[in-house]
Structures are given as structure tokens and as C-alpha cells.
Asks: 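I have a structure I would like to understand better, so I am pasting it below and will then ask my questions one at a time.
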Amino acid sequence: MRHVLTIAWKDLRSELRTKESINAAAAFSMVILVLFSFVLDISGDAREFGGGLLWLVFAFAGALVLNRSFAREQSNDCLDALVASPLPGWALFLGKALANFALLAVVELIALPVFGILFNADWLRFPGWIALTCALATWGMTVIGTMFSALTVNLRLRELMLPVLVYPMLIPVLMAAMQLTSALLSGTGITGDDWVWVKLLIGFDIIFTSLSLALIDVILVN
Amino acid sequence: MSGAALDVRAVWKYFGDFPALRAVTLGVAPGECLAMLGRNGAGKTTLLKILAGLSTVSQGSVSVFGSEGHSSGARRKTGVLGHGIGIYDELSARENLELFGTLYGVANPGQTALDWLERVGLNHVAHARAREFSRGMRQRLAVARAFLHAPDLLLLDEPFTALDDRSIALLQRLLAERLAAGATVVMSTHQLREAMELATHWALLVRGKLVHKGERTPEILADPAWVYRNYGEDS
């Protein structure tokens with residue numbers, strides 16, 4: 001666990017000093033939300049499109065954060081230095097995923113109030129459920145994004161390849177997050193039918209976290 | 001070879017259809033300092049990457065300190081300095097060394113980092129970010145990173161390249177210290193004279209094949225180019 005935290009600390013410290021991806025992701029999400037506020041009818045409530053809009057913004061902004069995850073290791077061949085060290089592959093993966101999760105959470109925390117103001121959405125009615133939905137869906141995005149960031153790190157067109165590979169994989173997690181967020185924004189909360197989406201998010205997170213941990217060593221050495 | 005620090009058996013490495021290494025068999029005993037020679041593209045870096053666990057073999061086997069593959073224990077005993085310096089530009093010199101000290105399980109990473117910064121003459125810039133360093137300073141920081149956990153095996157890929165006289169002398173002194181402590185060193189190099197001063201053995205790769213491995217003799221030290229004249233592609 002110490003190694004996981006060491007890698008997460010290293011990534012977060014590097015990011016806080018350069019602010020390369022967090023600034024880009026936060027600015028991107030603001031711009032998209034403002035642009036959509038011009039286009040969409042916000043005279044009613046946000047329940048019909050709120051969930052979909054929010055998670056599309058998070059997914060696109062997330063790609064900016066996730067693209068940098070392993071690309072950060074490329075300068076000076078830092079990834080080689082990490083792989084040659086006794087650091088287990090799973091610890092490297094979890095450390096990076098943890099750092100990415102924290103960065104995505106910051107972007108979401110910035111975007112949610114702006115979304116609430118622009119679209120007249122009361123996202124604070126079920127704060128616990130909103131937090132749980134964001135946590136589960138963000139972890140799903142993080143795990144898939146971190147894994148594919150490792151896979152595409154040596155590709156010339158990695159900035160292009162990462163979204164192309166990641167978004168199809170994220171369809172289940174985005175669908176579940178959109179459904180749950182829309183239900184929460186509509187004020188009904190999580191009812192019996194919505195539990196299937198919660199279970200889907202939990203299952204997705206468990207399956208893809210396990211798969212990533214099992215495959216990361218093969219990806220890193222090859 | 002029992003008790004070998006490194007045991008490479010019939011290793012082939014293909015990139016597509018191209019064989020970068022062809023049936024390389026090599027044993028390196030504990031305490032040996034092996035200078036791995038060869039022209040550009042001979043396979044030196046490929047072999048070192050395999051020894052460091054950064055690349056897999058296509059055929060054959062590699063064992064490090066008796067364990068097949070690259071166990072966590074073997075990695076803990078190994079220091080690697082490759083073409084890239086493995087230093088984070090956005091972290092300070094001290095933070096870089098502390099990070100790797102922690103990963104290698106060094107007892108007191110903070111103090112060890114400071115000690116090594118002093119040894120490589122970077123203590124006055126301990127808190128400056130690595131991106132602000134000159135090339136020579138970055139190289140010295142990379143040397144400290146590779147040595148700070150007192151490795152029993154050092155794998156160095158062209159370690160003297162881009163170093164000034166002072167840094168070459170520093171690296172030679174540090175290598176001599178590790179060798180005196182019983183460590184094993186494998187280094188690829190084009191700087192024959194600097195390498196041969198430390199080497200106990202030398203090996204020559206020609207187009208992926210190991211064509212010779214033997215002891216470094218006083219004659220070679222006096223005239224390192226003799227190696228290529230007698231065993232190289234033009235011999």
C-alpha cells in the first residue's frame with residue numbers, strides 16, 4: 001500500500017506543479033457547459049438531459065487527464081526506471097489510478113456547481129447519492145482510462161487513440177451514471193428500478209479493476 | 001552456471017522478423033565487471049533491457065541471482081541506468097531520490113537522498129526541480145538514483161556518454177566502490193578506455209551474436225581498439 005500512495009503522491013505533486021491536465025480539463029468542462037447552456041432550453045428543469053450532459057462532459061474532460069497519466073512517464077524514460085524497480089505492476093497501476101481519480105474528482109467538483117447554476121439543477125438534494133454515483137462511475141472511467149493510457153503510451157497518435165479505445169468500453173458505466181444522475185436530478189431519488197444501475201456500476205468497477213491488475217505486468221514489460 | 005549473478009542461456013530476441021539477439025549465452029560471476037562492446041545496433045541495449053526486466057526474450061532464458069525471470073528480490077538488488085535518465089523533471093533532486101529510495105526499500109529514504117546528493121555534488125540544489133539542471137547535473141542525479149540502494153548488480157547502458165571529466169571520474173569512483181564491495185557490473189559502452197579501466201572482463205556483440213567473452217588483459221587496457229581489430233566485423 002505504501003508503494004501505491006508513493007506513486008499517487010508523485011503523480012499528484014507533478015500535476016499540481018505543472019497543472020497541465022487539470023487546467024485543461026476544468027477549462028474544457030466549463031466551456032462545454034456554458035456552450036450547452038446557450039443551446040439547450042433551461043426554462044424547465046434539468047432532469048431530461050442533465051445526467052447525459054454532465055457525464056459526457058466528465059468523459060471528454062476525463063480523457064484530457066487520463067491521456068497524461070502514462071505519457072508523463074515518457075520523458076527521460078521514467079517508466080523504465082519504475083518498471084526496473086521492485087515496484088509491483090499492480091501498485092504502479094493503482095497509484096496512477098488513485099491520482100487520476102483524485103484529479104477527475106476535482107474536475108467534477110468544479111463542474112457540478114457550475115452545472116447547477118447554468119441549468120437550474122438542484123444537485124444537492126441527494127448529496128450522498130450524487131457522491132456515490134460520481135465515485136463509482138469515476139472509478140470505472142479511471143480504471144479503464146489508466147489501463148488504456150498504459151497500452152497507448154508508446155503510440156504516436158496516443159491522444160487520438162485513447163478516446164477511440166476508451167469510449168466504447170465506457171458505454172455501460174456512462175449509461176448507468178447518466179440514468180442515476182438523471183433520476184437524482186429529477187428529485188425522485190433512487191427507486192427500485194434504479195438499483196440495477198448501481199449494481200452495474202459496482203460490477204463494472206470490480207471486474208475491470210481485477211482485469212487491469214491481472215494484465216498490467218504484461219502491458220508494462222511489452 | 002551455478003552461483004552466477006547473471007545467467008543468459010540461448011537468448012533470442014526478435015523485433016518482427018528481425019533477430020536483434022541471436023542465441024546469446026553469457027554468464028557473469030558475482031564481483032565481475034563486464035564491459036559489453038559492439039557497434040551501434042549490435043544488440044547491447046536490447047540485452048541490457050532484457051537483463052533489467054524491461055523486455056522479454058523471444059526464446060531462451062535469463063536468471064538473475066539464481067531466480068528465473070525478474071523477481072522483486074532480484075530487482076531490489078539491481079541498479080539500472082539506461083539511455084533515459086529516469087528522473088522526473090517536475091520533482092526536486094531530493095524528491096526524485098526519496099521516491100526511488102522508497103521504492104527500493106531503503107531504510108531512511110530522506111536522509112539517504114541527502115547523503116547521495118552530497119556525494120554527487122548536488123546538495124546545494126537539493127530542493128531545485130530537476131528541469132532546471134544542466135545535462136551533466138541531471139546525469140549525476142541519475143547516477144545517484146541508480147546507486148542509492150547499494151545494488152549488488154549494476155546494469156549501465158553507455159554510462160559515460162555526455163559526462164564531463166569530473167562526472168566520469170565520479171562515476172568511475174562509485175563503480176570502483178561497488179566493485180570493491182563485491183557487486184557485479186555489466187555496462188555497454190563505446191568509451192573503451194574509461195570502461196576498460198574498470199572492467200575485469202569484456203564481451204563483444206556483433207549483429208546480435210556474442211562473438212567473444214574473455215578477461216580484460218593489460219594489453220587491451222593499453223590499446224582498447226585491439227578488441228575491434230581482432231574480433232570486430234572488420235577482423
Side-chain angles (χ1 to χ4, degrees), chain A residues 1-24 65 68-96 98-99 103 150-151 153-154 213 215-222, chain B residues 15 45 48-58 64 69-92 95-106 109 129-131 133 135 138-139 141-142 145-146 148-149 151 153-157:
Chain A
M1 197 58 197
R2 190 185 181 198
H3 283 166
V4 174
L5 296 176
T6 301
I7 295 299
W9 168 88
K10 185 267 295 174
D11 272 14
L12 287 173
R13 180 161 286 203
S14 293
E15 178 55 35
L16 287 176
R17 285 179 181 167
T18 60
K19 299 182 184 67
E20 278 174 341
S21 53
I22 193 97
N23 277 357
V65 170
R68 288 291 305 149
S69 184
F70 273 87
R72 186 176 286 123
E73 306 293 339
Q74 274 205 315
S75 69
N76 302 332
D77 286 348
C78 288
L79 188 57
D80 280 357
L82 290 182
V83 174
S85 78
L87 173 71
W90 63 264
L92 173 59
F93 175 81
L94 278 185
K96 287 202 156 287
L98 210 58
L103 293 172
L151 259 174
V153 69
N154 289 318
L213 293 176
L215 294 174
I216 192 69
D217 279 320
V218 180
I219 292 168
L220 288 175
V221 176
N222 291 297
Chain B
F15 293 112
T45 297
L48 276 172
K49 282 196 162 196
I50 288 171
L51 296 178
L54 299 173
S55 183
T56 51
V57 298
S58 302
V64 183
H70 294 84
S71 63
S72 174
R75 286 174 196 268
R76 200 174 293 277
K77 292 182 193 171
T78 307
V80 179
L81 185 55
H83 276 186
I85 56 175
I87 292 296
Y88 290 95
D89 287 339
E90 298 311 325
L91 300 184
S92 71
E95 287 167 348
N96 266 294
L97 295 190
E98 264 190 75
L99 168 69
F100 284 97
T102 305
L103 297 182
Y104 277 93
V106 171
R129 291 191 206 177
R131 70 158 50 212
F133 288 6
R135 191 171 176 185
R138 290 153 69 86
Q139 194 77 14
L141 185 58
R145 175 188 62 72
L148 92 167
H149 57 293
L153 171 65
L154 277 156
L155 302 171
L156 313 172
D157 196 0

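Chain letters run A, B, ... following the sequence lines, proteins first and then strands; every chain starts at 1. Only this structure's heavy atoms are used, side chains among them; waters, hydrogens and symmetry mates stay out. It should be emphasised that the depicted structure is a prediction, and the values quoted were computed from it without experimental measurement.
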Asks: Please determine, among B/T78, B/L91, B/V80, the option with the most heavy-atom pairs under 4.5 Å with chain A.
Replies: B/L91
Asks: How long is the span from the CD1 atom in A/I7 to the OG1 atom in B/T102, to the nearest 0.5 Å?
Replies: 9.5 Å
Asks: CG/B/D89 to CZ/A/R72 distance, rounded to the nearest 0.5 angstrom?
Replies: 12.0 Å
Asks: Between chain A and each of B/R145, B/E98, B/R76, count heavy-atom pairs under 4.5 Å; write down the option with the most.
Replies: B/R76
Asks: Examine whether an atom of B/K77 lies under 4.5 Å from a heavy atom of chain A, and if so say whether it belongs to the side chain, the backbone or both; otherwise answer neither.
Replies: neither
Asks: If I measure from the heavy atoms of chain A, does B/P151 come under 4.5 Å with its side chain, its backbone, both, or neither?
Replies: neither
Asks: What's the shortest heavy-atom distance between B/E90 and A/R17, and which atoms?
Replies: O-NH1, 2.9 Å
Asks: Who in residues 79-86 of chain A is close to chain B, using a strict under-4.5 Å heavy-atom cut-off?
Replies: A/D80, A/A81, A/L82, A/V83, A/A84, A/S85, A/P86
Asks: I need the residue from A/S14, A/C78, A/S75, A/A91 with the largest number of non-hydrogen atom pairs under 4.5 Å to chain B.
Replies: A/C78
Asks: Closest heavy-atom contact between A/N76 and B/I87?
Replies: ND2-O, 2.7 Å
Asks: Should we count NZ of B/K49 as having more than 12 external heavy atoms under 6.0 Å?
Replies: no
Asks: In Å and rounded to the nearest 0.5 Å, what is the CG to CZ distance from A/L87 to B/F100?
Replies: 9.5 Å
